[in-house]
Amino acid sequence: MNENDRRKIVILTGAGISKESGLDTFRDTDGIWSKHSLEDVATPQGFARNPVLVHQFYNDRRRSLIDNSVLPNAAHAALARLEAEWPGEVFLVTQNIDDLHERAGSHNLLHMHGELLKIRCSACRTVSAWAEDLSTDHVCANCGTGGKLRPHVVWFGEMPLDMERIYQALSECALFMSVGTSGNVYPAAGFVQQVRASGDAHTVELNLEPSMKASAFAQHVYGPATEVVPAYVEQILAGGW
């Protein structure tokens with residue numbers, strides 16, 4: 001491990017970090033999957049059966065995200081500050097499809113499950129920015145094919161994005177932080193084991209409550225993301241972990 005790697009921090013974030021910004025989580029008792037069948041709205045098969053329903057689901061979520069009341073919170077801001085002030089690399093991997101990390105000022109990040117404010121053409125694979133409602137009537141601006149546009153999100157049964165880059169970063173980091181994740185969804189749930197198998201990096205879970213993978217972490221900090229994340233970032237910047 002070179003000196004740069006000794007300062008490298010990898011952060012995984014999940015829905016818990018955006019909940020305090022007003023966005024629903026998926027797996028809470030009152031979360032998104034308590035109100036919708038994931039098989040109907042978050043699988044390739046569901047989209048093939050009823051694209052109108054799937055578009056309606058994501059149109060609703062897109063409208064919620066761009067609502068003026070939904071803003072980055074103190075946890076998003078703290079991670080952006082860490083990236084700006086830490087002398088080594090800070091690489092943020094998010095399971096979230098919202099853009100709150102970007103709005104808070106994070107730049108070195110990867111959306112492993114895609115992005116709600118982008119669409120993808122199934123015919124030519126072109127990815128485009130999109131902030132409006134989407135329907136089967138829309139035509140791809142690149143190839144001119146109609147009815148092939150879909151949200152640029154990773155559905156159940158599909159491979160998350162850029163996994164090779166993620167695993168490389170996990171193998172090199174000195175600190176792995178998991179923020180606001182349930183520990184239920186793979187491959188992200190296995191990242192902490194990947195880090196531990198690759199070396200002696202420190203691992204910490206910052207969450208509202210213990211996740212399904214809590215026992216795999218060396219350190220645990222529990223409480224609202226807007227409280228525990230800024231405090232932990234302050235600790236890192238004051239002298240490490």
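Count residues from 1 along the sequence. Note that the structure is predicted; figures quoted are calculated from it, not measured.
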Listed once per pair and sorted, the salt bridge (Lys or Arg N to Asp or Glu O under 4.0 Å) pairs that draw on residues 174-192, sequence neighbours left out: none
Tell me, which pairs form a side-chain hydrogen bond (donor to acceptor under 3.5 Å, both in side chains) where one or both residues lie in residues 41-54, sequence neighbours left out? D40-R49
What residue among S122, P51, C121 forms side-chain contact (heavy atoms from CB on, under 4.5 Å) with L149? C121
Shortest non-hydrogen contact from Y58 to V41? CE1-O, 3.3 Å
Give me the atom names and distance for the closest heavy-atom approach of K118 to V127. CD-CG1, 3.9 Å
Going by the side-chain hydrogen bond (donor to acceptor under 3.5 Å, both in side chains) test, which pairs reach into residues 186-199, not counting sequence neighbours? Y186-K213
Tell me the salt bridge (Lys or Arg N to Asp or Glu O under 4.0 Å) pairs involving residues 62-75, sequence neighbours left out? D60-R63, R63-D133
Do H202 and Q219 have side-chain atoms, one donor and one acceptor, less than 3.5 Å apart? yes
Using atom types as modelled and distance alone, determine if a side-chain donor or acceptor of N207 lies under 3.5 Å from a backbone N or O of T181. yes
Quick one: list whatever passes side chain to side chain contact (heavy atoms under 4.5 Å, CB included) with T126, sequence neighbours left out. C124, S128, N142
Does D99 reach the main-chain N or O of E115 with its side chain, forming a donor-acceptor pair under 3.5 Å? no
Tell me whether T203 contacts the main-chain N or O of A218 through its side chain, where contact means a donor paired with an acceptor under 3.5 Å. yes
Expected output: side-chain S21 to main-chain L71 donor-acceptor under 3.5 Å: yes
Using the test salt bridge (Lys or Arg N to Asp or Glu O under 4.0 Å), find all partners of E85 that sit at least two apart in sequence or belong to another chain. R81
Rest of the hydrophobic cluster containing L170 (Ile/Leu/Val/Met/Phe/Trp/Tyr, side-chain heavy atoms under 4.5 Å)? V10, L12, F91, V93, L110, M112, M159, M163, I166, Y167, F176, F191, V192, V195, F217
Looking at every heavy atom in both A74 and P230, which two are closest together, and how far apart are they? O-CG, 3.7 Å
By side chain to side chain contact (heavy atoms under 4.5 Å, CB included), D98 pairs with (sequence neighbours left out) S18, L23, L65, N96, L100
Any residue meeting side chain to side chain contact (heavy atoms under 4.5 Å, CB included) with V228, in chain and number order, not counting sequence neighbours: L206, V221
Do V185 and V154 share a hydrophobic cluster (ILVMFWY, side-chain heavy atoms under 4.5 Å, transitive)? no
Taking ring-ring contact (aromatic ring centres under 6.0 Å, His included) as the test, write out the residues that go with H55, two or more places apart. F47
Please enumerate all residues that pass side chain to side chain donor-acceptor pair (under 3.5 Å) together with E102, with sequence neighbours excluded. H111
Flag yes if V70 and W130 sit in one hydrophobic cluster, no otherwise; membership is Ile, Leu, Val, Met, Phe, Trp, Tyr, and two members link when side-chain heavy atoms are under 4.5 Å apart. no
For residues 134-155, the salt bridge (Lys or Arg N to Asp or Glu O under 4.0 Å) pairs (sequence neighbours left out) are R150-E158
